[in-house]
Amino acid sequence: MIVETGAFALVLALGLAALQTALAVGGRLRRSPVLAGAAAGAALASALAVAVAFAVLVQAFATSDFSVANVAANSHTDKPMLYKVAGAWGSHEGSLVLWCLVLTGFGAALARARDLPFGLKTSAVAAQGFLGLLFLAFAVFTSNPFERLDPAPFQGASLNPLLQDPALALHPPFLYAGYVGFSVCFSLAVAALVEGRANSAFWPAWGRWVRPWALASWALLTVGITLGAFWAYYELGWGGWWFWDPVENASFMPWLAGAALLHSAVVTERRGALAGWTTFLALLAFTLSMLGAFLVRSGVLTSVHAFAVDPERGLMLLAILGLTGGLAFGLFAWRAPRLKGGGMFAPVSREGALVLNNLFLTAACATVLLGTLYPLILEAASGSTISVGPPYFAMTFVPLMAVAFVILPAGPLLAWKRGDLPGVLQRLAVAAGLALLPAMAAFAVFEPRRALSAAGVGLGAWLILGALAETAGRIRLFRASPAESLRRARALPPGAWGMTLAHAGLGVFVLGAVVETAYRIEAARPIAIGQVIEAGPWAVRLDEVRVVEGPNYLAERGRLTVSLRSGAAPRRIHAERRFYPAGGQTTTEVGLDFRGLDDVYVVLGDRGQTAQGGPAWNVRLWWNPWARLIFLGPALMALGGLLSLTDRRLRLGVGGRKAAP
């Protein structure tokens, strides 16, 4: 009976989303606060109904109710409770309910937002309701998570073992919060286009209304992507953290568009300029999120991250993408010529720097989109198959972002409207000089032929030092007394500190990515008990391999000793090969030794024989220098975004800021 309650709640949420859309449209056409208020109530009720449905689904997984087909296909009584609960969003059907929960939750928050003009808010609530209507209809009619099995099986098939991991248990909620959060930016953009505002006075306020939603979505998406990369790093056992997999790209493209939207919205808010471009980016960010949902669920590509191989449901998602994207961009094409820009600005100005930033970000997003979709388009058109991998992105994406990173520290130092470039370069001279030191050290210590890698080290240091230089200038560090600098630091708004943290975090990530990619060392060979394998300065000895029994798996667990070849204190780690009887699948559990910023990364492979006939195991060893920074950098970026959200200027309840003259 509880399961039927969840199914009913999902259908009820669909009806409430339709009611929300109709009431909001009626309220806007009749300019009726009563109808608009009823639409807001329907938005809240729809979110509550989806929350009930999701809670029922989680309860079915937690209690191993195998009379539900979704539970039987993705759970097992032997699974730990964490992964039973995570199974609720580990399948196509369950993840779609999570998507709808986030979508309607953001819709309810939008309906309760303060200080939005009546017309804009009502139109945005209608657009958000229409999105909820489409995705809830998709869930109810094609992806019912509460479908019953009769007779119910005694045991389930279990969740994919690769997904039975703490990072992957948290990855989808954060990823969807970021993905779907952009739906509010989408709805506000549609509402602005429907309102057809031609006066430039409207756009600074609109930019301020969009920014907090974009910032929250971008920060949450950063957390989600980082958790996914960390999972791929230590769970898949291939030694890397990013492979330009199409599903990885599907989450990265909205992130790039969201970053461009954040910077463009600042110009719109402060100067009333770039109104059309900011609106376009708001539409693009969520459209790319829907494209990602299509790629993951349609079966058009093969990936360890993919949820389903179902062309029919893929066509339904493609129809939703075509309908929403087509209507939104069609509306943009109709209304955009009537959008008037704000104040003029010189090419050398903060506005100019932000425009340049947007050009590079959107060009980089376009290269990722092309690399992701080109193999699919080519196969559909000619039947030929082609693989687009890391070399393509190294030749296209990396140079674009490298140039953008060189320019980035100068932007916040430029004045609005007209900047003093020589003065900015003078203020950054110390940072540039200090950034050269690690680049020169990397060039000298490692092979000189790796000059590009040394330049990448300098680039990461440049981003960090440039961000710190901007904050140091704000608080007049070394130019005022310590007490005065401390007073200025305390007076800085959270948004300023958040920007510094995010830009510095980007530099930390670049340092880690460059050093780990360029200077990692790998070794692989079969070794017997007591033998040693070496990589770089590290030596790993295989001490023991024994069979252990886990909650729902059997494993060969290897105990290894990691030590510096120079004789530093050794440490013990464990690496495993696991077999899951329920699904008949074998996985690896990586052995990781965290040494400062470095990782010693060990994978225990198949069992074989030595030349003398004794047992041996194939062991792969990586020394990944500065790998810790790869995940610390995005964490700092997300923290910077969330810190900025506490800024009073980004709260929707605060009165609108006047446009700059």
Side-chain angles (χ1 to χ4, degrees), residues 11-50 100 103-137 140 180 182-210 212-213 275-276 278-279 282-283 286 320 323-340 652-656:
V11 175
L12 178 62
L14 172 62
L16 288 168
L19 185 63
Q20 171 189 342
T21 307
L23 288 172
V25 170
R28 179 63 189 92
L29 293 176
R30 294 176 174 271
R31 300 200 60 84
S32 168
V34 174
L35 291 177
L44 179 60
S46 180
L48 290 174
V50 179
C100 292
L103 182 64
T104 55
F106 271 102
L110 174 63
R112 292 178 59 84
R114 296 175 292 167
D115 284 3
L116 292 176
F118 175 83
L120 181 76
K121 180 178 178 178
T122 308
S123 297
V125 169
Q128 194 76 10
F130 183 65
L131 292 173
L133 172 63
L134 292 176
F135 281 99
L136 283 165
V140 169
V180 184
F182 286 121
S183 65
V184 178
C185 303
F186 181 94
S187 296
L188 286 171
V190 168
L193 293 169
V194 168
E195 294 297 300
R197 299 280 184 159
N199 60 313
S200 59
F202 166 80
W203 293 105
W206 182 84
R208 184 180 64 83
W209 295 322
V210 166
W213 301 103
T278 306
T279 306
L283 299 177
F286 185 62
I320 293 175
L323 178 62
T324 55
L327 288 175
F329 286 107
L331 180 62
F332 177 80
W334 176 38
R335 291 289 201 181
R338 303 171 64 179
L339 304 182
K340 295 183 179 179
L652 290 178
V654 176

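Values reported hereafter were calculated over all heavy atoms of this structure, with side chains retained and with hydrogens, waters and symmetry mates removed. Note that the structure is a prediction, hence the values are computed from the model and not measured.
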> Looking only at heavy atoms, what is the nearest atom pair of F186 and A328, with distance?
CZ-CB, 3.5 Å
> What is the distance from atom CZ of R30 to atom CG of L23, rounded to the nearest 0.5 Å?
11.5 Å
> Looking only at heavy atoms, which two atoms of T279 and A275 are closest? And how far apart?
OG1-O, 2.7 Å
> Return the minimal non-hydrogen interatomic distance between A137 and L14, and the atom names on each side.
N-CD1, 3.6 Å
> OG/S187 to CZ/F182 distance, rounded to the nearest 0.5 angstrom?
13.5 Å
> Give me the atom names and distance for the closest heavy-atom approach of V125 to A111.
CG2-CA, 4.0 Å
> Mind jotting down which residue pairs meet the salt bridge (Lys or Arg N to Asp or Glu O under 4.0 Å) criterion with at least one end in residues 186-196? Sequence neighbours excluded, please.
R28-E195
> Can you give me the closest heavy-atom contact between A24 and T122, atom names plus distance?
O-CG2, 3.1 Å
> Where the side chain of T21 meets the backbone of G129, is there a donor-acceptor pair that is under 3.5 Å apart?
yes
> Could you tell me whether the side chain of S46 and the main chain of A42 form a donor-acceptor pair under 3.5 Å?
no
> So W206 and W203, ring-ring contact (aromatic ring centres under 6.0 Å, His included) or not? Walk me through it.
CA-CA 5 Å; W206 182 84; W203 293 105; 5.2 Å; yes
> Could you walk me through whether L136 and L16 satisfy the side-chain contact (heavy atoms from CB on, under 4.5 Å) test, starting with their C-alpha distance in whole Å, then the side-chain angles of each, then the deciding distance to 0.1 Å, before giving a yes or no?
CA-CA 10 Å; L136 283 165; L16 288 168; over 6 Å; no
> Considering only heavy atoms from C-beta outward, does the side chain of L323 approach that of F130 to under 4.5 Å?
yes
> Specify the closest pair of heavy atoms between A108 and A43, including all atoms of both residues, with the distance to one decimal.
CB-O, 4.0 Å
> May I have the step-by-step check of side-chain contact (heavy atoms from CB on, under 4.5 Å) for L131 and F286, ending in yes or no?
CA-CA 11 Å; L131 292 173; F286 185 62; 3.8 Å; yes
> Checking side-chain contact (heavy atoms from CB on, under 4.5 Å) for the pair Q128/L103: CA distance, chi angles, key distance, verdict?
CA-CA 8 Å; Q128 194 76 10; L103 182 64; 3.6 Å; yes
> Could you measure the distance from the CG atom of L193 to the CG atom of L283? Nearest 0.5 Å is fine.
6.0 Å
> Could you walk me through whether L110 and L116 pass the side-chain contact (heavy atoms from CB on, under 4.5 Å) check?
CA-CA 10 Å; L110 174 63; L116 292 176; 4.1 Å; yes
> I need the T324 OG1 to F329 CZ distance, nearest 0.5 Å.
9.0 Å
> How long is the straight-line distance from CH2 of W213 back to CG of L188, given to the nearest 0.5 Å?
8.0 Å
